[in-house]
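Being a predicted model, the structure only gives us computed values, none of them experimental. Proteins get letters first, then strands, A, B, ... in listed order; numbering begins at 1 in each.
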Protein chains: 2
Amino acid sequence: MGIVERRERMKKQLRADILKTAKDIAREESWAAVSIRKIADVIEYSPPMLYEYFDNKDKILETIRNDGFAALHEELQKLKTLYRSPEKLLTEFAQIQWRFALEQTEVFQVMFNIDGANCLSKQVYQAEFAKLNTHPVWEALAQIRPRSADAVSKTFYEWWCLTYGFLLISIVTQPRPQLPNLEPIFMESVRRFVRGLS
Amino acid sequence: MGIVERRERMKKQLRADILKTAKDIAREESWAAVSIRKIADVIEYSPPMLYEYFDNKDKILETIRNDGFAALHEELQKLKTLYRSPEKLLTEFAQIQWRFALEQTEVFQVMFNIDGANCLSKQVYQAEFAKLNTHPVWEALAQIRPRSADAVSKTFYEWWCLTYGFLLISIVTQPRPQLPNLEPIFMESVRRFVRGLS
DNA sequence: GTAGAATATTTAACACTGTAAAGTGTTCCA
DNA sequence: TGGAACACTTTACAGTGTTAAATATTCTAC
């Protein structure tokens with residue numbers, strides 16, 4: 001009775017292929033160039049086949065967006081087990097965010113709707129700001145400077161804007177030969193922010 | 001001989017109408033919903049007529065983007081005559097940026113390629129980072145903490161990422177009605193940045 | 001092993017999109 | 001008044017997301 005299992009496995013594989021192909025095209029061309037027909041062409045199926053796996057194009061992007069946030073969350077959980085110092089956790093996570101934006105720019109573009117990536121489903125942001133007090137970054141901030149939950153949440157939002165905002169601007173305004181090495185500037189900003197907390 | 005002048009005037013008007021209509025549609029629906037045909041419909045001309053005024057759709061967005069940056073530059077020049085204190089200039093400008101992003105969100109979206117606004121022509125960013133030492137914000141930063149030109153330019157980039165990054169994240173992640181609550185957090189971040197300079 | 005049901009997949013079509021070429025008016029000057 | 005210049009529209013093409021219908025394939029039951 002391994003037949004249904006094999007089918008299930010192939011379905012999962014094809015679904016993953018769709019997502020990968022979308023990202024590949026976006027990386028090599030741009031998100032504006034990503035079309036259902038082009039993806040179908042690469043995975044060697046007819047366009048309507050994609051609708052067996054995703055309700056519509058937007059859901060494809062939504063999946064990539066959610067996966068992106070999930071991947072960062074995973075990294076964050078790893079860091080939590082690695083470092084006891086909340087300051088260290090924050091700067092290390094910022095470093096990971098930088099690498100992620102650099103190495104998987106096309107995913108980052110979807111996560112924040114920039115440069116042609118346009119995904120209507122935005123409920124992932126609400127999720128990011130729900131149950132804040134269990135978020136490792138929130139915990140780290142509270143640990144560094146214990147205050148009311150609301151005050152910590154404010155700082156959390158500042159952190160969010162500082163790190164992701166920096167990356168967004170850096171990606172969108174690229175290429176920018178005048179300021180070649182932005183990573184040190186980014187990390188310096190982050191460290192100053194962390195220092196300024198206590 | 002007022003005929004050619006009248007024609008010239010009407011051409012200019014129509015050009016402005018195209019830009020305004022694009023922004024109107026973007027504001028009421030989204031940038032994804034802005035199409036040549038829809039604009040043509042509103043200004044009551046056939047679609048190809050638009051190509052007498054703009055080479056293509058991208059040029060329309062590019063114009064809106066450039067106009068947006070130009071508008072902010074103008075405000076900045078005004079501030080320069082109003083305030084002697086560089087700290088005051090910076091915080092006041094941040095306030096203006098906030099209001100601009102709030103009141104002309106659709107222009108802001110084009111300026112930074114977010115939420116469906118997708119404009120390929122990015123040379124305005126290069127222009128923003130060229131001749132930095134004449135930029136009022138650069139001057140203010142240099143005045144507060146005089147250092148090497150490179151060091152000031154670094155700080156300028158941090159300022160840019162802080163303010164615009166904050167606004168980008170706020171626009172992208174928040175459903176509109178919640179945005180006003182964030183202004184104090186934004187301004188607080190800006191003031192802390194300015195304080196940290198000296 | 002074959003009929004029929006269930007799945008898997010494709011073909012064809014619709015209503016959109018940006019844009020170019022060709023055609024039609026309309027205005028103006030000699 | 002004829003013809004050039006200009007203003008503008010019609011038509012068309014290749015592309016988009018998406019749906020319904022048609023077809024091919026696989027599996028199940030006899």
>> At 10 degrees resolution, what angle do the end axes of the helix from C:dG1-D:dC30 to C:dA30-D:dT1 form when each is taken over five base pairs?
In response: 30°
> To the nearest Å, how far apart are B:I25 CD1 and C:dT17 P?
Replying inline: 10 Å
>> Using the rule given for side chain to side chain contact (heavy atoms under 4.5 Å, CB included), can you reason through A:I36 versus A:I60, listing the C-alpha separation, both sets of side-chain angles and the distance that settles it, and then say yes or no?
In response: CA-CA 10 Å; A:I36 298 287; A:I60 298 178; 4.3 Å; yes
> Would you call B:R27 and B:E106 a salt bridge, taking side-chain N to carboxylate O under 4.0 Å as the test?
Replying inline: yes
>> Using 30° and 60° as the class boundaries, would you call the ring planes of A:Y157 and A:F129 parallel, tilted or perpendicular?
In response: tilted
>> As a quick check of understanding, evaluate side chain to side chain contact (heavy atoms under 4.5 Å, CB included) for B:L90 and B:V190, giving each step before the final call.
In response: CA-CA 8 Å; B:L90 290 178; B:V190 168; 5.7 Å; no
> Hey, is B:K154 close enough to B:E158 for a salt bridge, meaning N to O under 4.0 Å?
Replying inline: no
> Starting at CH2 of A:W31 and ending at P of D:dG17, how long is that distance when rounded to a whole Å?
Replying inline: 12 Å
> Out of A:I18, A:I25, A:L19, which one pairs with A:T21 under the side chain to side chain contact (heavy atoms under 4.5 Å, CB included) rule?
Replying inline: A:I25
> Just wondering, do B:R195 and B:R192 contact through their side chains at under 4.5 Å, heavy atoms?
Replying inline: yes
>> Is there a side-chain contact between A:S46 and the phosphate of C:dT9, meaning an N or O under 4.0 Å from OP1 or OP2?
In response: no
>> Please report the distance, rounded to the nearest Å, between NZ in B:K38 and P in C:dG18.
In response: 9 Å
> How are the rings of A:Y164 and A:W160 set relative to one another: parallel (under 30°), tilted (30 to 60°) or perpendicular (over 60°)?
Replying inline: perpendicular
> How many Å lie between CE on B:M49 and P on C:dG18, as a whole number?
Replying inline: 17 Å
> B:R7 side chain: which of C:dC28, D:dT16, D:dC8 is closest?
Replying inline: C:dC28
> Has the side chain of B:R37 got a donor or acceptor atom sitting under 3.5 Å from an opposite partner on the base of C:dG18?
Replying inline: yes
> Once you round it to whole Å, what is the distance between P of C:dA8 and OH of A:Y45?
Replying inline: 10 Å
> Taking DNA chain D as the partner, which of residues 50-62 of chain A come within under 4.0 angstrom of it by heavy atom?
Replying inline: A:Y51, A:N56, A:K57
> Between B:E29 (CD) and C:dC16 (P), how many Å, whole number?
Replying inline: 13 Å
> Between atom CG in A:N118 and atom P in D:dT16, what is the gap in whole Å?
Replying inline: 17 Å
>> Can you measure A:E44 atom CD to C:dA8 atom P for me and round it to whole angstrom units?
In response: 19 Å
>> Pair A:E128, A:H73 - check side chain to side chain contact (heavy atoms under 4.5 Å, CB included), show working.
In response: CA-CA 10 Å; A:E128 282 288 312; A:H73 267 115; 2.6 Å; yes
